[in-house]
Amino acid sequence: MDDRVSHDRYGLGVVVGVEEGAAVLVDFGSRQERITAPYAKLVKL
């Protein structure tokens, strides 16, 4: 958690929650999104 990430659609964010092997919850500032696996559009910075 607390990893900085970038998403093609939502931009820069911080991982605030992890569901092992299923999804991550990312805070993008103005919104939080649950990104499901596989994380094709999500890049760890």
Side-chain angles (χ1 to χ4, degrees):
M1 289 190 2
D2 294 328
D3 287 335
R4 293 180 54 97
V5 294
S6 177
H7 189 276
D8 288 352
R9 179 187 229 171
Y10 304 117
L12 297 174
V14 177
V15 175
V16 294
V18 177
E19 297 173 28
E20 283 300 321
V24 292
L25 183 61
V26 182
D27 184 350
F28 291 102
S30 60
R31 65 191 299 169
Q32 285 192 353
E33 290 291 331
R34 183 177 179 265
I35 311 294
T36 55
Y39 313 108
K41 296 183 178 182
L42 196 65
V43 178
K44 182 177 176 183
L45 301 178

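Start at 1 with the first residue, then count along the sequence.
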Heavy atoms of Arg4 and Leu12 approach each other most closely as NH2-CD1, 4.4 Å
Which atom names give the shortest non-hydrogen contact between Ala37 and Gly21, and what distance separates them? CB-O, 3.9 Å
Val26 and Val5 have their tightest heavy-atom pair at CG1-CG2, 3.7 Å
Under 4.5 Å between any side-chain heavy atoms of Gln32 and Val16, yes or no? yes
Where does the angle between the aromatic ring planes of Phe28 and Tyr10 fall among parallel (under 30°), tilted (30 to 60°) and perpendicular (over 60°)? tilted
Indicate if Leu45 and Val24 have the same hydrophobic cluster label, given that clusters are the connected sets of ILVMFWY residues with side-chain heavy-atom separations under 4.5 angstrom. no
Just jot down the salt bridge (Lys or Arg N to Asp or Glu O under 4.0 Å) partners of Arg34, sequence neighbours excluded, or say none. Glu19
Hits for salt bridge (Lys or Arg N to Asp or Glu O under 4.0 Å) against Arg31, two or more places apart or cross-chain, chain-then-number order -> Glu33
Quick check: is Val43 connected to Val15 through a chain of hydrophobic side chains (ILVMFWY, heavy atoms under 4.5 Å apart)? no
